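In what follows, a structure is listed as structure tokens, so that the remarks can point back to it.
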There are 2 protein chains.
Amino acid sequence: MNAAETQKTADFLKALGEFNRLSLVYELCRCESSQNAMCLCECCSVDASVVSRHLKVLAERDIVTFDKVGREKTYRLNRNEVATQLRELADLIENKDCKRGHHDV
Amino acid sequence: MNAAETQKTADFLKALGEFNRLSLVYELCRCESSQNAMCLCECCSVDASVVSRHLKVLAERDIVTFDKVGREKTYRLNRNEVATQLRELADLIENKDCKRGHHDV
DNA sequence: GCTATAATTGCACGATTGTGCAAATATGCA
DNA sequence: TGCATATTTGCACAATCGTGCAATTATAGC
């Protein structure tokens, strides 16, 4: 596990590991269709600018994707990608394959 | 998903979502046996006090457990618990069961 | 064109966080 | 008892982060 990969995984987890951002993810999880930011604002009681910034962080980590329709941006959760990343980490931690190779740097 | 649960999950992810802490987790992942903090220090180039604090955070979130043997504390990764939490989140996000219940607060 | 709405950006602020160093504490061993 | 080693704690500091507000940009509709 090199440093760059570790950093990338840490950034991914950190993006999810904040209350309002995780709330946004849960909110998007509940929605079958894409949602614009104004709609998502309602799920966490913060300013629209804050939601905008949180969504940007989530998008940077590929946790959400958006389409621009008119003046709105509609966001959707990258369900498969996020779930896959979490499961890969779970597999690594549960250790299917790394117990033997001690200190194989 | 109530606020307390959301906060708990966010705290768990935040604990994993820091470079040196995740490095410690990976290091423990590589080790079949428990490791004391001094040994773990070697995997991230920071002061022993920093490692001590990071391990405390990981222990608070039940990511690692420790035994005290003499003046040493030996840490081990809670593989199953951590993997389970990650998989549960993955399942939730991939949405086996919540798509229908819109706004079921 | 003008106005209303959606979203972003700049700025400021307080809170939290990661860190190193030195001191303190705890324990093993001679 | 005294010294060495493992770990924690107190302190300080810089950096990051989450936030609100006001201003700005982008776009739809009149």
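None of the values given here were measured: they were computed from a predicted structure. All values below come from the heavy atoms of this structure, side chains included, with hydrogens, waters and symmetry mates left out. Within every chain, numbering begins at 1; the chains are lettered A, B, ... in the order of the sequence lines, protein sequences first and strands thereafter.
- Nearest-nucleotide positions on DNA chain D place Thr74(B) closer to the 5' end than the other of Thr74(B) and Lys68(A).
- By the side-chain contact (heavy atoms from CB on, under 4.5 Å) test, Cys44(B) pairs with Asn20(B), Leu24(B), Val46(B), Val51(B), sequence neighbours left out.
- In this view, Asn80(B) satisfies the side chain to side chain donor-acceptor pair (under 3.5 Å) rule with no residue, not counting sequence neighbours.
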Filtered N/O pairs between nucleotides 1-5 of chain C and protein, under 3.5 Å:
from: dT5(C); atom 1: O2; to: Arg71(A); atom 2: NH1; distance (Å): 3.2

#### Entry: Evaluation steps, salt bridge (Lys or Arg N to Asp or Glu O under 4.0 Å), between Lys8(A) and Glu5(A)
CA-CA 5 Å; Lys8(A) 194 151 177 288; Glu5(A) 279 180 75; over 6 Å; no
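- For Thr84(A), the side chain to side chain donor-acceptor pair (under 3.5 Å) criterion is met by no residue, not counting sequence neighbours.
- Between the CD atom of Glu72(B) and the P atom of dA4(D) there is a distance of 18 Å, given to the nearest Å.
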### Task
Please step through side-chain hydrogen bond (donor to acceptor under 3.5 Å, both in side chains) for the pair Asn78(B) and Thr65(B), ending with a clear verdict.
CA-CA 7 Å; Asn78(B) 285 341; Thr65(B) 323; 2.4 Å; yes
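- Computed from coordinates, the Gln7(A) CD to dG18(C) P distance equals 12 Å when rounded to whole Å.
- Counting to the nearest Å, the C1' atom of dT9(D) and the NZ atom of Lys56(B) are 9 Å from each other.
- Every ring-ring contact (aromatic ring centres under 6.0 Å, His included) that Phe66(B) has, sequence neighbours left out, goes to Tyr75(B).
- Going from atom CG of Leu24(A) over to atom C1' of dA7(C) covers 15 Å, rounded to whole Å.
- The Tyr75(B) side chain lies nearest to dT8(D) when the options are dT27(D), dT27(C), dT8(D).
- By the side-chain contact (heavy atoms from CB on, under 4.5 Å) test, Ser52(A) pairs with no residue at all, sequence neighbours left out.
- The side-chain hydrogen bond (donor to acceptor under 3.5 Å, both in side chains) contacts involving residues 38-47 of chain A comprise Asp47(A)-Ser49(A), where partners must be two or more places apart or lie in separate chains.
- For the pair Lys73(A) NZ and dT25(D) P, the computed distance is 16 Å after rounding to whole Å.
- Whole-Å rounding puts the Glu60(B) CD to dT8(D) C1' distance at 13 Å.
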Mind listing the N/O atom pairs, protein and nucleotides 17-19 of chain D, below 3.5 Å?
from: dG18(D); atom 1: OP1; to: Arg21(A); atom 2: NH1; distance (Å): 3.3
from: dG18(D); atom 1: OP1; to: Arg21(A); atom 2: NH2; distance (Å): 3.0
from: dG18(D); atom 1: OP2; to: Arg21(A); atom 2: NH1; distance (Å): 3.4
from: dT19(D); atom 1: OP1; to: Asn20(A); atom 2: ND2; distance (Å): 2.5
from: dT19(D); atom 1: OP2; to: Asn20(A); atom 2: ND2; distance (Å): 3.3
from: dT19(D); atom 1: OP2; to: His54(A); atom 2: NE2; distance (Å): 2.5

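- Evaluation of the salt bridge (Lys or Arg N to Asp or Glu O under 4.0 Å) rule for Asp67(A) yields Arg76(A) as partners, not counting sequence neighbours.
- To the nearest angstrom, P of dG18(C) lies 13 Å from CG of Leu16(B).
- Remark: Ser49(A) is not in phosphate contact with dT8(C), judged by side-chain N or O atoms under 4.0 Å from OP1 or OP2.
- Of the side-chain N and O atoms in Ser52(B), one or more sit less than 4.0 angstrom from OP1 or OP2 of dT8(D).
- Taking atom CZ of Phe66(A) as the reference point, atom C1' of dA6(C) lies 14 Å away to the nearest angstrom.
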